[in-house]
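Following: one structure in structure tokens, then a few remarks.
Indexing begins at 1, ligand by ligand and atom by atom, following the structure's order. All values derive from a computational prediction rather than experimental measurement. Positions are given from 1, in the same order as the sequence printed here.
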Amino acid sequence: MTMDQIRDAILSGDRAEETYANLPVPETYRGATIHKDEIEMFQGMASRDKDPRKSIHIDDVPIPELAPDEALVAVMASAINFNTVWTSIFEPAPTFGFLERYGRLNKYSKRHDLPYHVMGSDLSGVVLRTGGHVSKWKPGQEVVAHCLSVELEDADGHDDTMMDPQQRIWGFETNFGGLAELAIVKANQLMPKPDHLTWEESASPGLVNSTAYRQLISKNGASLKLGDRVLIWGASGGLGSYAVQMALAAGAEPICVVSSPEKAEICRAMGAELIIDRRAEGYRFWNEDGTEQDPKEWKRLGKKIRELTGGHDVDIVFEHPGRETFGASVYVTRKGGKIVTCASTSGYMHEYDNRYLWMNLKRIISSHFANYRESWEANALINRGLIHPTLSRTYSLDDVGQATLDVHHNKHQGKVGVLALAPQEGLGVTNPDKRAKFETQINRFKDA
Ligand SMILES: NC(=O)c1ccc[n+]([C@@H]2O[C@H](COP(=O)([O-])OP(=O)(O)OC[C@H]3O[C@@H](n4cnc5c(N)ncnc54)[C@H](OP(=O)(O)O)[C@@H]3O)[C@@H](O)[C@H]2O)c1
């Protein structure tokens, strides 16, 4: 009943602070969880065979006490990230280790150490309650959340909050994530919901948009500039679809790597012209048993890039596949260029020929999520219609397992959304005139 009251209030469009402050908060809520007593369930299986539909549950869980710096948010929609895949298949390690470590920090962090983990690092929704130290945000405000959770008690994090020793990814390294009817975030994770987008569209960019922004645009990442040529792996995927848009918007030239003609088409729809279908090209950077790389294949990729660019190498490689591609990425970067990496989907023990790096003065730059400022700037790009959501498909909360399997098996395009309290897709737009200007761009991934 109480959850229905919350949903009804949101759907009514009333955003008065008193309405939400006076709404009773239920004792429990539904969320997508994994269970600590099941972390061995996929033991001995190949990654691909580990099925998130078996490990993800939809449970009723209690609402914890709110800390002074937090907000309780009614979640209208959320999204699947690759960290949802890692969480659900317990790789590279079960996330309960993160929760246990966090739990040892203080009275409020202790709440996170539970036998279940409510996952999810994106949300859009409405603030229901705020803790006593929160002054900027009020019940009734429409919000999205970025996923950087920091304590900021150490000096180290005060130039760049990603450097905080207690830096965590909310919903991955903390509990009470966004794939649920309610979520708990630190108030300094909140940002305004773009008013021209639906709940599910606005929930979908958060994690990947902020990550791509730091990785490619920020001075903490590759500092992309006008005219740069950027090789973007997984160009129609979660991160890549934002990197492509940012490169184009910044006057750079993306060279998009994808694995099917459909994905190539999506890149064209975003405005990219230079596309490599890695499957059609049949690159084999590693031998059969994955022990040795073949530099001839790196050269073949480099030649293809030069064919497309009229003889130029790339200034930046946007890296995340990791082991499979890293040797090639280092090779194809131009002299003095940058390889900027934020992940290792195919394996984290990278190998590359260091001669190509040092003799050619290339630089490898590491990047991880984004600080509040970067996330805020990335969200502002969405709000201003300079970058658009890349939502292709939306599932119900009950189907989070299937949604996660799609991403695990690389069957998706762009982002996969999840409805939480929103009863259907298409709700939540409060600025239809602004939306009308961007309708085509917003819809280009839908049902792709
Ligand atoms: N550090 C951070 O803050 C951060 C943030 C976000 C994501 N990540 C990590 O970044 C990775 C990608 O995330 P995402 O959201 O973009 O995932 P995604 O939506 O699955 O997209 C990744 C794309 O990369 C391509 N790819 C996958 N394996 C590949 C391989 N072996 N060789 C070449 N291309 C490959 C695929 O595109 P094609 O098949 O079309 O080539 C895939 O669609 C994940 O490991 C994720 O955990 C890290």
Side-chain angles (χ1 to χ4, degrees), residues 47-48 79-89 91-92 95 121-122 146-148 162 167-173 204-216 218 220-221 231-244 256-267 275-286 290 297 301 317-329 340-348 350 365-371 374-375 378 390-393 403-417 445 448:
S47 280
R48 199 183 157 76
I80 305 297
N81 281 294
F82 215 88
N83 72 13
T84 326
V85 176
W86 298 128
T87 306
S88 68
I89 63 172
E91 284 193 23
T95 47
S121 301
D122 279 318
H146 70 77
C147 63
L148 172 62
M162 279 304 297
Q167 175 268 318
R168 292 181 172 80
I169 299 297
W170 161 71
F172 178 57
E173 294 165 292
S204 65
L207 184 149
V208 282
N209 184 44
S210 307
T211 307
Y213 185 76
R214 182 180 175 108
Q215 191 174 350
L216 196 57
S218 166
N220 292 315
L231 185 77
I232 300 175
W233 292 103
S236 78
L239 285 172
S241 56
Y242 291 89
V244 170
C256 301
V257 187
V258 292
S259 63
S260 72
E262 295 75 33
K263 291 184 172 194
E265 205 41 56
I266 282 275
C267 293
I275 296 163
I276 299 173
D277 182 336
R278 66 181 171 101
R279 193 153 293 159
E281 297 290 335
Y283 296 117
R284 286 183 172 273
F285 300 131
W286 288 86
E297 288 294 276
L301 173 65
V317 178
F318 186 83
E319 245 295 335
H320 51 87
R323 182 172 172 83
E324 176 84 22
T325 55
F326 205 82
S329 294
V340 60
T341 174
C342 78
S344 293
T345 314
S346 64
Y348 46 79
H350 297 185
I365 299 171
S366 62
S367 191
H368 184 39
F369 189 60
N371 60 38
E374 289 160 337
S375 298
T390 61
L391 185 67
S392 57
R393 188 155 184 200
T404 309
L405 183 68
D406 284 5
V407 177
H408 181 27
H409 284 176
N410 196 14
K411 287 194 174 138
H412 66 300
Q413 302 265 26
K415 292 295 300 175
V416 175
F445 274 68

Using a strict 4.0 Å threshold on nitrogen-to-oxygen distance, state whether Glu297 and Arg284 make a salt bridge.
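No, no charged N to carboxylate O under 4.0 Å.
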
Could you list the atoms of ligand 1 found under 4.0 angstrom from a heavy atom of Val208?
15 (O)

Would Trp233 count as a polar contact of ligand 1, with the cut-off being nitrogen or oxygen pairs under 3.5 Å?
no

How close does the nearest protein non-hydrogen atom get to [atom], and which residue and atom is it?
atom                    : result
atom 4 (C) of ligand 1  : Thr211 CG2, 3.8 Å
atom 18 (P) of ligand 1 : His412 NE2, 3.5 Å
atom 42 (C) of ligand 1 : Asn410 OD1, 3.5 Å

Tell me the contacting part of [X] for ligand 1: side chain, backbone, both, or neither, using a 4.0 Å heavy-atom threshold, strictly below.
X      : answer
Lys263 : side chain
Pro321 : side chain
Arg279 : neither
Cys342 : both

Shortest heavy-atom approach to atom 27 (C) of ligand 1 - which of Gln215, Arg278, His320
Arg278

Among Thr325, Thr345, Leu239, Val257, closest by any non-hydrogen atom to atom 14 (P) of ligand 1:
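Nearest heavy atom to atom 14 (P) of ligand 1 lies in Leu239.
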
Looking at Trp233, is Arg278 sitting on its ring face, NZ or CZ under 6.0 Å from the six-membered ring centre and within 45 degrees of the normal?
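Geometry flag: not set, cation outside 6.0 Å or 45°.
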
So is Asn81 touching ligand 1 or not, going by heavy atoms under 4.0 Å?
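So Asn81 does not count as touching ligand 1.
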
